[in-house]
Amino acid sequence: MEISPVRILFVEDHKLMRVGLKSLFEEYKELDVISEAQSGKEAVENYKISHPDVILMDIGLPDITGIEATKRIIELNPQAKIIILTSHLSEQEVMDSLQAGARAYVMKDINIEILKMIIKTVKDGAMWLDPQVVPILRDKNCGIIPPRQMSRAMFKEQHANLTQREYEVLKLVVDGKSNNEIAKELTISEHTAKAHVCNIIQKLVVDDRTQAAVKALKEGLV
């Protein structure tokens with residue numbers, strides 16, 4: 001059975017960014033940009049008409065902000081799935097975006113393959129946070145992400161299937177480290193680092209390291 005593509009509303013005021021990302025999306029049959037908007041108000045009106053599966057929302061827009069547009073769309077439909085795609089990383093904007101109802105907060109320098117994965121997982125109901133955002137939420141102790149530090153006893157109780165070393169490797173995977181970088185940071189061989197990553201992927205029942213990072217963030221493993 002053929003799977004329907006994820007229908008996307010793309011909200012971005014810079015034409016070059018819209019054209020560029022839309023062009024990249026055309027390479028993926030599972031993604032379909034059905035509507036575009038250049039402002040927050042236009043995004044809200046387009047949402048009413050197009051009813052997309054997922055909205056990619058910039059923050060800095062010429063009329064109302066993407067955060068305000070997110071609030072208005074969530075008022076229309078609390079189940080709307082909005083991904084903030086931005087170059088902004090201020091604590092206030094991160095908190096305001098999530099409180100407005102955004103399901104994901106993503107920086108614009110993200111790899112296109114990871115962005116594709118995020119769009120699909122958010123469409124399926126998941127939440128995703130850029131690794132750069134996680135420390136902000138931990139520092140605010142807002143309850144979205146649990147504190148990073150945990151006792152050894154608590155670790156064993158909650159994540160008995162991961163070894164302590166695998167937990168350390170997982171934290172570095174979430175931070176976007178390569179196998180080579182993990183090996184250097186933990187003073188182990190790259191082969192050993194790769195083996196740990198493979199074990200983590202198997203134990204978390206995911207397909208790759210990106211999905212492992214997403215699951216770790218979603219379930220508060222790091």
Approximate separation, where rounding is to 0.5 Å, of [X] [atom1] and [Y] [atom2]:
{"X": "M17", "Y": "K22", "atom1": "CE", "atom2": "NZ", "result": "14.5 Å"}
{"X": "E185", "Y": "S178", "atom1": "CD", "atom2": "OG", "result": "10.5 Å"}
{"X": "L186", "Y": "K184", "atom1": "CG", "atom2": "NZ", "result": "13.0 Å"}
{"X": "T65", "Y": "D96", "atom1": "OG1", "atom2": "CG", "result": "8.5 Å"}
{"X": "E30", "Y": "K116", "atom1": "CD", "atom2": "NZ", "result": "4.5 Å"}
{"X": "L170", "Y": "I200", "atom1": "CG", "atom2": "CD1", "result": "5.0 Å"}

Under the side chain to side chain donor-acceptor pair (under 3.5 Å) rule, collect the residues that match up with E26, sequence neighbours excluded.
->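 Once residues adjacent in sequence are excluded, E26 has no partner under the side chain to side chain donor-acceptor pair (under 3.5 Å) criterion.
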
Considering only heavy atoms from C-beta outward, does the side chain of [X] approach that of [Y] to under 4.5 Å?
{"X": "R209", "Y": "N179", "answer": "yes"}
{"X": "I59", "Y": "S97", "answer": "yes"}
{"X": "R18", "Y": "Q38", "answer": "yes"}
{"X": "D130", "Y": "L89", "answer": "no"}
{"X": "I188", "Y": "H196", "answer": "yes"}
{"X": "F25", "Y": "L115", "answer": "yes"}
{"X": "N199", "Y": "T163", "answer": "no"}

Within the distance-only criterion (no hydrogens, no angle test), does the side chain of [X] pair as donor or acceptor with the backbone N or O of [Y] below 3.5 angstrom?
{"X": "S23", "Y": "V19", "result": "no"}
{"X": "E166", "Y": "L162", "result": "no"}
{"X": "N111", "Y": "E113", "result": "yes"}
{"X": "D63", "Y": "G40", "result": "yes"}
{"X": "D53", "Y": "R7", "result": "yes"}
{"X": "R103", "Y": "V54", "result": "no"}
{"X": "N46", "Y": "E36", "result": "yes"}

Does CD belonging to E190 count more than 12 external heavy atoms closer than 6.0 Å?
->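 Atom CD in E190 is crowded, with more than 12 foreign heavy atoms closer than 6.0 Å.
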
Is it true that E12 and K108 make a salt bridge, defined as a side-chain N closer than 4.0 Å to a carboxylate O?
->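 Salt bridge between E12 and K108, a charged N being under 4.0 Å from a carboxylate O: yes.
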
E45 and K48 ion-paired at < 4.0 Å |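 Yes, charged N to carboxylate O under 4.0 Å.
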
For the residue pair I118 and T121, what are the closest heavy atoms and their distance?
->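 Shortest heavy-atom separation between I118 and T121 comes out as O-OG1, 3.0 Å.
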
Quick one: closest heavy-atom pair of A100 and I67, and the distance?
->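 Answer, listing the atom of A100 first, then I67: CB-O, 3.9 Å.
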
Y105 and Q132: side-chain donor and acceptor closer than 3.5 Å?
->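 Note: Y105 and Q132 side chains miss the donor-acceptor criterion.
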
Among the clusters formed by ILVMFWY side chains lying less than 4.5 Å apart, do M57 and I64 turn up in the same one?
->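 No: no chain of side-chain contacts under 4.5 Å links M57 to I64.
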
Identify whether I119 and I34 are in the same connected component of the hydrophobic contact network (ILVMFWY, side-chain heavy atoms under 4.5 Å).
->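 No, it is not one cluster - the side chains of I119 and I34 are not joined through contacts under 4.5 Å.
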
Criterion salt bridge (charged side-chain N to carboxylate O under 4.0 Å, His left out) on E168 and K171, from CA distance to verdict = CA-CA 5 Å; E168 293 169 354; K171 289 192 289 185; over 6 Å; no

Among L61, D58, T70, L56, the one residue meeting side chain to side chain contact (heavy atoms under 4.5 Å, CB included) with V11 |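 Only match with V11 under side chain to side chain contact (heavy atoms under 4.5 Å, CB included): L61.
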
Sequence neighbours left out, cut at 3.5 Å: what donor-acceptor pairs do the side chains of residues 71-87 make with other protein atoms?
{"from": "R72", "atom 1": "NE", "to": "E68", "atom 2": "OE2", "distance (Å)": "3.0"}
{"from": "N77", "atom 1": "OD1", "to": "Q79", "atom 2": "N", "distance (Å)": "3.0"}
{"from": "N77", "atom 1": "ND2", "to": "Y47", "atom 2": "OH", "distance (Å)": "2.9"}
{"from": "K81", "atom 1": "NZ", "to": "K123", "atom 2": "O", "distance (Å)": "2.7"}
{"from": "T86", "atom 1": "OG1", "to": "H88", "atom 2": "N", "distance (Å)": "2.9"}

